[in-house]
Amino acid sequence: MPFDDDEKQKLIEEVHSVVSVRGPSHTNFVEFRTFKLVYRKYAGLFFILCVDINDNNLSYLEGIHNFVETLNEYFTNVCELDLLFNFYKVYALVDEMFLAGEIEETSHPKVGTWYYEKIIRTVQLWSSSAI
């Protein structure tokens with residue numbers, strides 16, 4: 001669903017207020033409107049997916065974990081600043097691992113191979129266009 005900027009900000013604030021107050025004794029799944037939030041906290045960073053209420057919670061929780069492991073491979077102990085200053089790399093990894101909201105690829109070597117091939121192709125294109 002398309003949202004304008006004010007609606008997006010309101011939605012972000014609502015999700016944050018629901019997830020951030022939950023303690024470690026709670027599950028990592030919470031119903032939100034007509035959906036379900038699946039989240040995991042790593043060293044102060046929340047990774048949150050909004051999924052259909054009938055989807056498998058554990059598969060998405062594992063998808064978040066795989067995504068964070070992949071980020072750790074590229075950024076070595078990923079932190080908020082890595083995500084902030086390299087958002088284009090993060091989006092590329094999201095595009096490779098998730099397709100239309102579904103988990104597409106879980107293999108770190110396959111994601112890594114694809115990612116490095118994409119970077120090499122981009123550098124080659126920039127080099128050839130500079131000539």
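Just so it is clear, the model here is predicted, and its values are computed rather than measured.
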Check against side chain to side chain contact (heavy atoms under 4.5 Å, CB included), F67 and L49:
CA-CA 12 Å; F67 180 64; L49 297 176; over 6 Å; no
Heavy-atom distance under 4.5 Å between the side chains of L37 and F29, does that happen here?
no
Under the side chain to side chain contact (heavy atoms under 4.5 Å, CB included) criterion, do F32 and I48 qualify, and how do the steps go?
CA-CA 12 Å; F32 179 75; I48 306 170; over 6 Å; no
Gap between atom OH of Y42 and atom CD of E69 - 0.5 Å precision:
7.0 Å
If the test is side-chain contact (heavy atoms from CB on, under 4.5 Å), which one of V38, L71, N28 qualifies with F47?
L71
About how many Å separate OG1 of T70 and NE2 of H65, when rounded to the nearest 0.5 Å?
9.5 Å
Let me confirm one number: the CG-CG distance from N56 to L61, rounded to the nearest 0.5 Å.
10.0 Å
Partner residues of E62 under the side-chain hydrogen bond (donor to acceptor under 3.5 Å, both in side chains) criterion, sequence neighbours left out:
none
Considering only heavy atoms from C-beta outward, does the side chain of F35 approach that of V51 to under 4.5 Å?
no
What's the separation between atom CG in L83 and atom NZ in K89, rounded to the nearest 0.5 Å?
12.0 Å
Once side-chain contact (heavy atoms from CB on, under 4.5 Å) is applied, do any residues pair with K8, and if so which ones, sequence neighbours excluded?
F3, D5
Just checking N77: does its CG atom have more than 12 heavy atoms from other residues, nucleotides or ligands closer to it than 6.0 angstrom?
no
Are I12 and V18 co-members of a hydrophobic cluster defined by side-chain heavy atoms under 4.5 Å apart?
no
Tell me, please, which residues at least two apart from E7 pass side-chain hydrogen bond (donor to acceptor under 3.5 Å, both in side chains).
none
Has the side chain of N72 got a donor or acceptor atom that lies under 3.5 Å from a matching backbone atom of V78?
yes
Is there a donor-acceptor contact under 3.5 Å from the side chain of D82 to the main chain of C79?
yes
V68 and L58: same hydrophobic cluster, using ILVMFWY side-chain contacts below 4.5 Å?
yes
Checking N57 now: which residues fulfil side-chain hydrogen bond (donor to acceptor under 3.5 Å, both in side chains) with it, not counting sequence neighbours?
K36
What residues form a side-chain contact (heavy atoms from CB on, under 4.5 Å) with R22, not counting sequence neighbours?
H26, T27, V30, Y39
Going by chain and number, the hydrophobic cluster around F85 (ILVMFWY, side chain to side chain under 4.5 Å) further includes L81, L84
